[in-house]
**Student:** 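Please read through the structure below; I'll follow up with questions.
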Amino acid sequence: MTTLATPDLATVTSGISIRHLDKSYGNLLVLDNLNLDLAPDRVYGLLGPNGAGKTTLMSVICNHTFRSAGTVLLDGDDPAENAPVLARTCFIREDQAYNDVFSVGAILGIMPGFYPSWDEDLCRRLVGRFRLPLRRSARKLSRGQKSALAIVISLASRAPYTFLDEPYLGLDPTAREIFYEELMADIAEHPRTIVMSTHLIDEAADLMEEVVVLHQGTVVLHADVDEARSSAFVARGRVDDVRAFAAGREIVAEHALGQILSVTIRGSVGPEEEDLAASRHVSLEPASLQDLIAALGIHDLTTALTQENR
Amino acid sequence: MAFASDRPIFLELADAIAADVLAGLYPEESQVPSTTELAVHYRINPATAGKALNRLVDAGVIYKKRGVGMFVATGAPEAMRRQRRAEFHAEFVVPLLSEAHRLGLTTTDVVSLITKDPS
């Protein structure tokens, strides 16, 4: 597994540093001795299957939920019960509840009180682009409109630490494009730390600088996105040729279609691999980030876990 | 065996801009798109776009005017043309002949295909 260097906490004064973080709900341990360092002003993809602890992690960092044990530092300070530090965070939950009597306009109207860096012009532009009905009550918003509202608040907050939890549930492809475009434009001009959980891994991969993969409450991979991408590839060809090519290599997944075999192999492609593949008429393709996540064995484990729970 | 799509996006983007410089889309001393423009246009992380531009700065294709932006260096298209001519044999002729030989065509066959009247 890829692990980045773990600096001494006493020396960390910027970014997010987490050590030995536990969070349990009753007997259920959701975060299990989690360690993570996030440098400031980067975009992180927080990935992993449902139940891995993504929402809980974001929630604990922003003090929406109390932790059970461990240390969380944001720019060197503990965010727990610390208003000045928490004012630097923005976290809209995927299932964020708003007071039902408030209209979208009223909700947006009180936001500048929560976020010192709030940008009203950006808010207005986003409301227009997402066509959010300002007079409608939050209760009557569709799933996509709720997501759009969360995106508007998250981006307009300009919070130095912004957490996006499944930001585009229910958004159509056009609205997702607007989101990507606005996010990239805004962080280019106003760099800040964005932590975004998503299942649309390949679609969102180009937005990210680093990926953090959670599984069963711990970090199983934290790597630069290019590094993560080049850590596996797919070899495809006739069964015998692919078997010969793959001999002695770490196969993490395979799919057969008649006489054609396609295997995902851990490692990178060099001249030796290219020559061998050419001589065997095996084609080599990059594995997608989604393939890699699957290649980490996470989905197999998840399946096993789900069956266990039934 | 080409494996272009395995390359990091910043390399792909740097090559695409270099190709546009070579094709004259960005003439010498003209401005190339900024990090922000590239990030928004391709919906990629600004850091990725910045890495692509830095790579071209390092290669001498573009240069930075502080507070203004990135511009195509004078002589950059000619320098790139010279470099690509030097790489032409390995990049294009060798793969062409290896595919031809796989198909049972001799080098002489390929030469006659090249010199054949295109009509």
Side-chain angles (χ1 to χ4, degrees), chain A residues 39 41-45 176-192 194 196 203-211 224-235 245 267-289, chain B residues 1-17 31-58 62 64 66-70 87 89-105:
Chain A
D41 299 344
R42 289 188 193 162
V43 180
Y44 297 91
R176 293 209 299 270
E177 286 292 309
I178 293 172
F179 166 59
Y180 298 147
E181 194 180 300
E182 291 288 346
L183 178 66
M184 291 301 104
D186 207 57
I187 61 163
E189 298 298 321
H190 304 274
R192 54 200 192 266
I194 306 280
M196 177 166 72
E203 187 176 300
D206 293 349
L207 311 177
M208 305 166 188
E209 282 176 85
E210 294 181 14
V211 290
D224 177 272
V225 71
D226 285 331
E227 197 183 299
R229 269 199 187 116
S230 60
S231 60
F233 62 95
V234 177
F245 174 84
S268 57
V269 173
E272 188 195 325
E273 282 75 18
E274 290 185 4
D275 290 346
L276 182 58
S279 73
R280 287 275 175 184
H281 305 288
V282 168
S283 72
L284 302 182
E285 294 157 18
S288 67
L289 211 48
Chain B
M1 149 110 237
F3 207 78
S5 49
D6 184 37
R7 302 168 68 225
I9 299 165
F10 82 93
L11 291 178
E12 295 282 321
L13 179 56
D15 284 359
I17 298 168
Q31 190 165 7
V32 297
S34 69
T35 300
T36 306
E37 288 168 330
L38 291 169
V40 172
H41 183 80
Y42 292 105
R43 290 168 179 86
I44 56 171
N45 193 287
T48 307
K51 268 160 88 176
L53 291 177
N54 284 337
R55 188 178 165 80
L56 294 173
V57 170
D58 291 344
I62 59 176
K64 188 174 191 163
R66 224 163 257 294
V68 188
M70 303 281 195
E87 292 164 355
H89 182 260
E91 290 281 315
F92 294 93
V93 179
V94 171
L96 173 75
L97 290 179
S98 98
E99 173 68 2
H101 296 158
R102 258 200 297 275
L103 299 178
L105 296 167

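Note that the structure is predicted; figures quoted are calculated from it, not measured. Just so it is clear, the values below take in all heavy atoms, side chains as well, and ignore hydrogens, waters and symmetry mates. Chain letters run A, B, ... following the sequence lines, proteins first, then strands; residues in each count from 1.
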**Student:** Is A:E177 in contact with chain B via its backbone, its side chain, both, or neither, using a 4.5 Å heavy-atom distance?
**Tutor:** both

**Student:** When rounded to the nearest 0.5 angstrom, what is the spacing between CG in A:L207 and CZ in A:F179?
**Tutor:** 7.0 Å

**Student:** Enumerate by number any residue of residues 43-53 of chain B whose heavy atoms lie under 4.5 Å from heavy atoms of chain A; in the absence of such residues, state 'none'.
**Tutor:** B:R43, B:I44, B:N45, B:P46, B:A47, B:K51

**Student:** Which region of B:Y42, side chain (C-beta onward) or backbone (N, CA, C, O), has a non-hydrogen atom less than 4.5 Å from a non-hydrogen atom of chain A, or is it both or neither?
**Tutor:** neither

**Student:** Just verifying a value: how many Å separate A:D206 CG and B:I9 CD1, rounded to the nearest 0.5 Å?
**Tutor:** 3.5 Å

**Student:** Might you point out which heavy atoms bring B:R55 and B:F10 nearest each other, and give the distance in Å?
**Tutor:** CD-CE1, 4.2 Å

**Student:** Can you tell which part of B:T35 gets under 4.5 Å to a heavy atom of chain A, answering side chain, backbone, both or neither?
**Tutor:** neither

**Student:** Go through the atoms of A:D226 and report whether side chain, backbone, both or neither lie under 4.5 Å from a heavy atom of chain B.
**Tutor:** side chain

**Student:** Taking B:L56 as the fixed residue, which of B:D15, B:V32, B:I62, B:L13 is the one that meets the side-chain contact (heavy atoms from CB on, under 4.5 Å) rule?
**Tutor:** B:I62

**Student:** Below 4.5 Å, heavy atoms only, C-beta onward: do B:M70 and B:I17 meet side chain to side chain?
**Tutor:** no

**Student:** Using a 6.0 Å cut-off, check whether atom CD of A:E272 has over 12 heavy atoms from anything other than its own residue.
**Tutor:** no

**Student:** Looking at every heavy atom in both B:E37 and B:S34, which two are closest together, and how far apart are they?
**Tutor:** OE1-N, 2.8 Å

**Student:** Shortest non-hydrogen contact from B:V40 to A:E181?
**Tutor:** CG1-CG, 3.4 Å

**Student:** Out of A:P191, A:A188, A:A185, which one racks up the most heavy-atom pairs below 4.5 Å with chain B?
**Tutor:** A:A188

